[in-house]
K.L.:
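One structure follows; several queries about it will come next.
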Amino acid sequence: MASTGSNSAGGLETGLIKPSSVGGGLSKEMRHGHGRTAHNMSSSSLRKKSDLSLVSKVRCGFLRNLLANLQEIFLGTKLFVLFPAVPLAIVAQSYGFGRAWVFTLSLLGLTPLAERVSFLTEQIAFYTGSTVGGLLNATCGNATELIIALFALYKGKIDVVKFSLIGSILSNLLLVLGTSLFCGGITNLRKEQSFDRKQADVNTGLLMLGALCHLLPLMFRYAVSSGEHKVSPLPTLTLSRICSIVMLVAYVAYLFFQLKTHRQLFESQVEDDDNDDVVSEDEAVIGFPNALAWLVGMTIVIAILSEYVVGTIEAASESWSLSVSFISIIVLPIVGNAAEHAGAIIFALKNKLDITLGVSLGSATQISMFVVPLSILVAWIMGIQMDLDFQLLETGALVMSILLVAFILQDGSSHYLKGFILLLAYIVIGACFFVLGGRSDLDNGVNANAILATSNAVMGQ
Amino acid sequence: MASTTYDAVEASYVVLLKEEGGRELSKEVGLLQGRKPHMTSSMSLRTKSALSLSSRVSSSFLRNVCINLQEVFGTKLALLFPAVPLAVAAQCYGFGHAWVFTLSLLGLIPLAERLSFLTEQISFYTGPTVSGLLNATCGNAPELIIAIFALQKGCIDLVKFSLVGSILSNLLLVLGTSLFCGGVANLGQEQLYNRKQTDANMSLLLMSALSHVLLLMFRYVVNYGEHDVLTFPTLTLSRVGSLVMLTAYIAFIFFQLKTHRQFFESREVNGDDDNVEFGDEAVIGIASAFAWLIGATLVIAVLSEYIVGTIEEASESWGLSVSFISIILLPTVGNAPEHAGAVIFAVKNKLDITLGVSLGSATQISMFVVPLSVIVAWVMGIEMDLDFKTLETSSLAFSILLTAFALQDGASHYFKGLILLLAYIVIASCFFVFKTPNGNISMLIATPT
């Protein structure tokens, strides 16, 4: 599969993995590759070209192809050092190691896998059209979060689902964006740092809609419990499901807007005037069936690790004496978003804020408008009563963060103070959830039910 | 002290000041690096005293003292200075407490203005960075001193009320009146300002709103039973939040004085006439400026103590609640000089200075004075947290959002000012109606939940 072509390109490229050439090549990639979102762009900054010269010496054609394939997939990322965590996690689980170990190893193993999934979807996008590719990227961009959410749902840990999704949105909005703008601002102190406001506006608009959808069930519950309205059955669930459908409709409209009618808003207008190592990266590295097979395989591995993560989170919380809410809101998303995070910072350093914003805002939008409502609908199908009411503190933190980000991204330019403020806001929120977990022996499954019961009791009065 | 040359310059200045005081002053801003809009604004209230009288005094020492005194008291607000000894007298001879309160409040007005004059004088002798820091710290010294005295007496609620009130008054009342008057006065003209400065201030304010809202929600969540918390960690959280806010403020100062100074210098390239030279030299020596600064601070401290001590009686005898007095009345009077300055510059269509004054003050109080009070309380062993009650926090958050959106587009008109003013009236009436039972401030203190 074009192994000779990519061979020479690869040889050329390994010499060139200095940061500047990676960035230049990537911004070019964006123009050529269809349906490729900023999200992908960013994680590809962590990729390295593997040297295929060793593999090409193998005689048997089939074997050679296989090896080349393996090398592309496993060694083609700078994060490959973390791959051993995957088998280790499985071993730790099978041989009954400490559960905190299983949790840590699974979390570490998820980091390179998340990056690889986006690599594979990108490969597949070469064979499908730009629209299908865009759709695929839009769906698989946060595959890890989605899979973890589904597993937690399956185990009935509604709180973990809610916490991890909220945490992912917060981490994308405040931590990833904050660090990127801060680092970018410090490095480009004397330069003008501007970005395309329209893309940011579309994203914050969607995020605001998402905030509204979360606020309504919450206020509903408070209004009813304080006796402002008398409602006999509590229709929070119905309301949440309707809101979820509305959110999905909004997300579909957003995809249509992004991929069809207003595509020009989302393509960064970097006029690449830098050097000319364009040749590489533009062709598929592995074949279509291969990529598909790998994608399925990766997803299964992610699913296994996610199950470990969900299953051991309470044990880990006990042995670290951190609360489950802190682990799932702060720790889980930081590790899960590590790959995107690194990419976003790299592009911010190169003063390509459009890509940075595309990554962080795009991810946040995707989680809040796609993963969250999808989880609600899946829960509905599974007969689990999950609603959009992410308790007061979480919703409040979310709404304030969205407002802060929307305000900060108003004027189409950036400086380090903006990033620093976002970071500090994340620290305050993190501290808030840190002190909230006074109790380490919080059994979430039971707790969720207890809360539901108490709130029902309150409504019943 | 160069009094002869100074005299001549002075005479011409007095004439000029009558016609176009504001114009000159804005020029001064451009010239002086460390001088913030805050300072510039209170300068508009200054009269240059004619020194001819004192220069006739033969003894040079005596003359210097006279000049000094005249300079130090050289403000249009000098009329209010008699309130200071009167307040002290009223306190000593046991007048009605309401009188002591009123007189102390009136006495604070000129002192606040003088304090900013003295820091400015000192900044002539220090470098621009030091003076910027000095200005940034002393800009709201009276608020800080009142807060510390109230803390010492254990009136945590009074501290919170007066700080929230000060932020609200800066954001809505001062800004609203200025934009309104400026909009009406410059009806035909474009009223533009530098958005970047505004943005930096507003994002800091939003962050402080986030900290307050988080604390408030925290209390609600725990009361409601959504989360089980054994120990109630509001205090820890407040202290962490305060440290983070102070860090943000330090970063802001660094941003403002070092890396992005150009955002904060008003953009008027002075193309008008050329009488530039005065106002640029120190009027009093650094030693006497320091001495006066300490003296003024002491007097402010005395008056603040009177205010804190008599506020309850004043509230009783006027039939107003303590919360109304401390949220609405205290800041309105305390901000009077800045307020006047902000309006004057808005009328002259120098919105950058107006915004610098009002937003800068609000930012300073919310990101510096508030967290500093929490930390000082911590040092003093008082349990003060960042949880300002629901009504206060939500009016604060809404005011910040309203101001943020009103200041979005870099242009102003009178309607924006009107909306802000009306918002202030609504909030004020809310606290007016919201009467706590009389004399219950001690009860309020006792409930740190």
Side-chain angles (χ1 to χ4, degrees), chain A residues 159 174 182 185-186 189-190 221-222 225-226 323 325 389-397 399-401 403-413 415-442 447 450-451 454-455 458, chain B residues 195-196 198-200 202-222 224-248 251-252 254-256 258-260 263 386 397 400-401 404-405 407-410:
Chain A
D159 275 10
L174 300 179
F182 181 64
I186 295 276
L189 207 53
R190 294 278 159 259
R221 180 159 60 85
Y222 270 81
S225 73
S226 70
S323 68
S325 65
D389 174 11
F390 292 17
Q391 304 166 7
L392 181 64
L393 198 57
E394 291 82 351
T395 314
V399 172
M400 288 300 292
S401 317
L403 285 177
L404 186 60
V405 170
F407 186 77
I408 274 187
L409 298 180
Q410 273 295 320
D411 65 343
S413 77
H415 47 69
Y416 70 89
L417 189 66
K418 291 187 175 185
F420 194 55
I421 287 174
L422 291 180
L423 258 183
L424 288 178
Y426 190 71
I427 290 175
V428 172
I429 291 177
C432 190
F433 286 110
F434 183 75
V435 293
L436 187 62
R439 269 173 49 175
S440 52
D441 55 339
L442 204 75
N447 198 33
I451 285 165
T454 48
S455 58
V458 171
Chain B
R195 268 200 57 183
K196 298 210 161 148
T198 320
D199 277 359
M202 289 319 299
S203 51
L204 278 172
L205 283 172
L206 276 171
M207 206 208 120
S208 82
L210 171 77
S211 319
H212 291 302
V213 170
L214 272 183
L215 255 297
L216 181 77
M217 289 189 307
F218 200 90
R219 182 159 58 84
Y220 268 87
V221 161
V222 174
Y224 194 79
E226 277 183 7
H227 294 271
D228 290 318
V229 184
L230 286 189
T231 55
F232 200 68
T234 327
L235 267 179
T236 326
L237 189 55
S238 301
R239 285 160 188 174
V240 174
S242 304
L243 289 177
V244 170
M245 280 156 90
L246 281 180
T247 316
F252 174 65
F254 186 72
F255 182 81
Q256 186 181 28
K258 277 277 172 204
T259 57
H260 287 69
F263 284 5
L386 279 178
I400 291 174
L401 285 179
F405 279 101
L407 298 179
Q408 274 295 318
D409 63 344

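This structure is a prediction, so every number in the text was calculated from the model and none was measured. Here is how names work: the chains are called A, B, and so on, in the same order as the sequence lines, proteins then strands, and each is numbered from 1.
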K.L.:
Less than 4.5 Å apart, side chain to side chain, heavy atoms only: is that true for Leu206(B) and Leu401(B)?
P.N.:
yes
K.L.:
For Ile427(A), is it the side chain, the backbone, both, or neither that has a heavy atom closer than 4.5 Å to a heavy atom of chain B?
P.N.:
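Answer is side chain: those atoms of Ile427(A) sit under 4.5 Å from chain B.
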K.L.:
Heavy-atom distance under 4.5 Å to chain B: side chain of Ser413(A), backbone, both or neither?
P.N.:
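Only the side chain of Ser413(A) comes within 4.5 Å of chain B.
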K.L.:
Is the shortest side-chain heavy-atom distance between Met245(B) and Ser208(B) below 4.5 Å?
P.N.:
yes
K.L.:
Could you tell me whether the side chain of Gln410(A) reaches within less than 4.5 Å of the side chain of Arg195(B), counting heavy atoms only?
P.N.:
yes
K.L.:
Can you tell which of Leu422(A), Val399(A), Leu409(A) makes a side chain to side chain contact (heavy atoms under 4.5 Å, CB included) with Leu404(A)?
P.N.:
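Testing each of Leu422(A), Val399(A), Leu409(A) against Leu404(A), the sole residue satisfying side chain to side chain contact (heavy atoms under 4.5 Å, CB included) is Leu422(A).
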K.L.:
Looking at Leu204(B), Val244(B), Val213(B), which one has more heavy-atom pairs under 4.5 Å with chain A than the rest?
P.N.:
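Most heavy-atom pairs under 4.5 Å with chain A: Val244(B).
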K.L.:
Which atoms of Leu423(A) come close to chain B, meaning under 4.5 Å heavy atom to heavy atom: side chain ones, backbone ones, both, or neither?
P.N.:
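Neither part.
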K.L.:
Measure across Ala200(B) and Phe255(B) and return the closest heavy-atom pair with its distance rounded to 0.1 Å.
P.N.:
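Reported closest heavy-atom pair: CB-CE2, 4.3 Å.
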K.L.:
By a 4.5 Å heavy-atom criterion (distance strictly below it), what part of Met202(B) contacts chain A: side chain, backbone, both, or neither?
P.N.:
both
K.L.:
Report which part of Leu424(A) has an atom under 4.5 Å of a heavy atom belonging to chain B: side chain, backbone, both, or neither.
P.N.:
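Answer is both: backbone and side chain atoms of Leu424(A) are under 4.5 Å from chain B.
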K.L.:
Measuring only between side-chain heavy atoms, which start at C-beta, is Met207(B) closer than 4.5 Å to Val428(A)?
P.N.:
yes
K.L.:
Checking heavy atoms, do the side chain of Ala209(B), its backbone, both or neither come under 4.5 Å from chain A?
P.N.:
both
K.L.:
Sort out for me which of Ala251(B), Gly241(B), Ser211(B) touches chain A most, counting heavy-atom pairs under 4.5 Å.
P.N.:
Ala251(B)
